Each structure stands twice: as C-alpha cells, then as structure tokens.
Amino acid sequence: MSCLNFSVVDYQGVTSQGAKLGLGLSFFWAFYGIGCLVASIVLVKMKVNSYIMLSALVALISYFLIFFAGNEVVMLISISLLGLGCSTIYGSSISFGTLLLDNPSPRLVSFFITSSGLGTYAGEFYTSYVQEHFGVPTIIVLSGIFMLLVFLIIAYVSFTERGSNRHFKEL
C-alpha cells in the first residue's frame, strides 16, 4: 500500500505518469472497500485464519504480477487484486490474535490496535527511505516478502497445538 502512496506523491504533477498512478491508487482503494464488504459476508462461514491466509496469497500473487507487469492493463488488474488481498489482513489479524487469548480484555485489544497503527505509521517512513535509496521495485519485493511472512506466521499459529485445539469463532 505504501509504495503506491509514495509513487503517486513522487510522480504527481512531475510526469504524465501521475494520472495513471492516481488511477491505480483509486482502483486499489475501490477494491479494498469491496474486499471489506466481501469479508463481512464470507467470514460468517469461513474461519478467520483460513481467510487471512487466502487474502495473503492473493496479495502475494498481486505483488508478483505488479513486479512483472508488462502493460498498464495488467498493472491495474494487479493493483485491484492487491486491494482485495490487503483489505482484511489488518482487521482480521487483530481478531485472530484476540481469538487465541484465553481472556481477551478491552485493554489488550486496544494495545493490538495501537501497536498495529504504530507499525503502519513507521512503515510509511521505512518505505520512503527504501524508495529513496533503492527504488519502488525494492519496495514491491519487500512487501511481497512481508506478505509471505504473514501467511507463514498465520499458518504456523493455526497448526500449532494452541491454534489447532481452538475452535475459532467467526467474526
């Protein structure tokens, strides 16, 4: 998400790419919203850990397609898929974490939300630094690696004794 935001800021008004990047960003957020709507329907029938892993796979494939996109149409489709994939990672991961706790408290949930917000904020600075020194392709690769880590961590927790013995409640 951050690489798209910074790319639009960097190129907006400087080259003709600004309008195209703005369109890509609009597609991302439109499909992000659609993904949130879909999640509210699907998560009634699907376990939250499975949905997070599915969303992470969609996002990971999207990063791969963005990196190798040969034309604008493939890029817009890939950015749209990325919006779908990223749409529920944030909220569903917080819910998944609280479902693992024996006694979730409002303080602990607030701590999870605050920590993730701080991570998002720090990510903006990190992304800016990486883009300045290594370029946008590096951000796309790193984002894909982090999404793979999300998938692997959720899979590990889901299949460990603590995770597999729990019957996860639907959201």
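Please read all numbers here as calculations on a predicted model, not as lab measurements.
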Report summary line: Applied to residues 138-158, the ring-ring contact (aromatic ring centres under 6.0 Å, His included) test, sequence neighbours excluded, yields none
Query raised in the report: Should the ring pair Phe31 and Phe27 be called parallel, tilted or perpendicular, given that the plane angle runs from 0 to 90° and is split at 30 and 60?
Result: parallel
Name every donor-acceptor pair, under 3.5 Å, that has one atom in a side chain of residues 73-80 and the other anywhere in the protein, sequence neighbours excluded.
residue, atom, partner, partner atom, Å
Ser78, OG, Val74, O, 2.7
Ser80, OG, Leu76, O, 2.8

Report task. Pick out which of Leu60, Val150, Ile89 makes a side-chain contact (heavy atoms from CB on, under 4.5 Å) with Ser55. Result -> Ile89
**Report entry** Inter-residue atom distance Phe67.CZ - Ser143.OG, 0.5 Å rounding
**Finding:** 11.5 Å
**Report entry** side-chain contact (heavy atoms from CB on, under 4.5 Å) against Leu152, all qualifying residues, sequence neighbours excluded
**Finding:** Leu148
Report summary line: CG (Asn49) and OG (Ser95) are apart, to the nearest 0.5 Å, by 12.0 Å
Query raised in the report: Quick check: does any side chain N or O of Ser128 sit under 3.5 Å from a backbone N or O of Glu124, one acting as donor and the other as acceptor?
Result: no
Requested in this report: Return the set of residues passing ring pair (Phe, Tyr, Trp, His ring centres under 6.0 Å) with Phe64 (not counting sequence neighbours), or none when no residue passes.
Outcome: Phe68
Report summary line: Met147 and Cys86 have their tightest heavy-atom pair at CE-SG, 4.2 Å
Query - Residues forming a side-chain contact (heavy atoms from CB on, under 4.5 Å) with Val42, sequence neighbours excluded - result: Val38, Met46, Tyr51
Query raised in the report: Atom NZ in Lys47, atom OG in Ser158: separation rounded to 0.5 Å?
Result: 8.5 Å
Query raised in the report: What heavy-atom pair brings Ile140 and Tyr63 nearest, and what distance separates the two atoms?
Result: CG2-O, 3.6 Å
Query raised in the report: What's the spacing between Ile52 CD1 and Ser93 OG if we round to 0.5 Å?
Result: 4.0 Å
Report task. With sequence neighbours left out, write down each residue that passes side-chain contact (heavy atoms from CB on, under 4.5 Å) with Thr138, or none if nothing qualifies. Result -> Val130, Phe134, Leu142
Requested in this report: Mind checking the CD1-OG spacing from Ile154 to Ser50? Nearest 0.5 Å is all I need.
Outcome: 10.5 Å
Query raised in the report: Which heavy atom of Ser62 sits nearest a heavy atom of Leu81, and at what distance?
Result: OG-CB, 3.1 Å
Report task. Report the C-alpha separation of Ile66 and Leu82 in whole Å, then their side-chain angles, then the decisive distance to 0.1 Å, and conclude whether the side chain to side chain contact (heavy atoms under 4.5 Å, CB included) test is met. Result -> CA-CA 9 Å; Ile66 288 170; Leu82 182 62; 3.8 Å; yes
Report task. Begin from the C-alpha positions of Tyr129 and His133 and carry the test side chain to side chain contact (heavy atoms under 4.5 Å, CB included) through to its verdict. Result -> CA-CA 6 Å; Tyr129 176 82; His133 290 26; 3.3 Å; yes
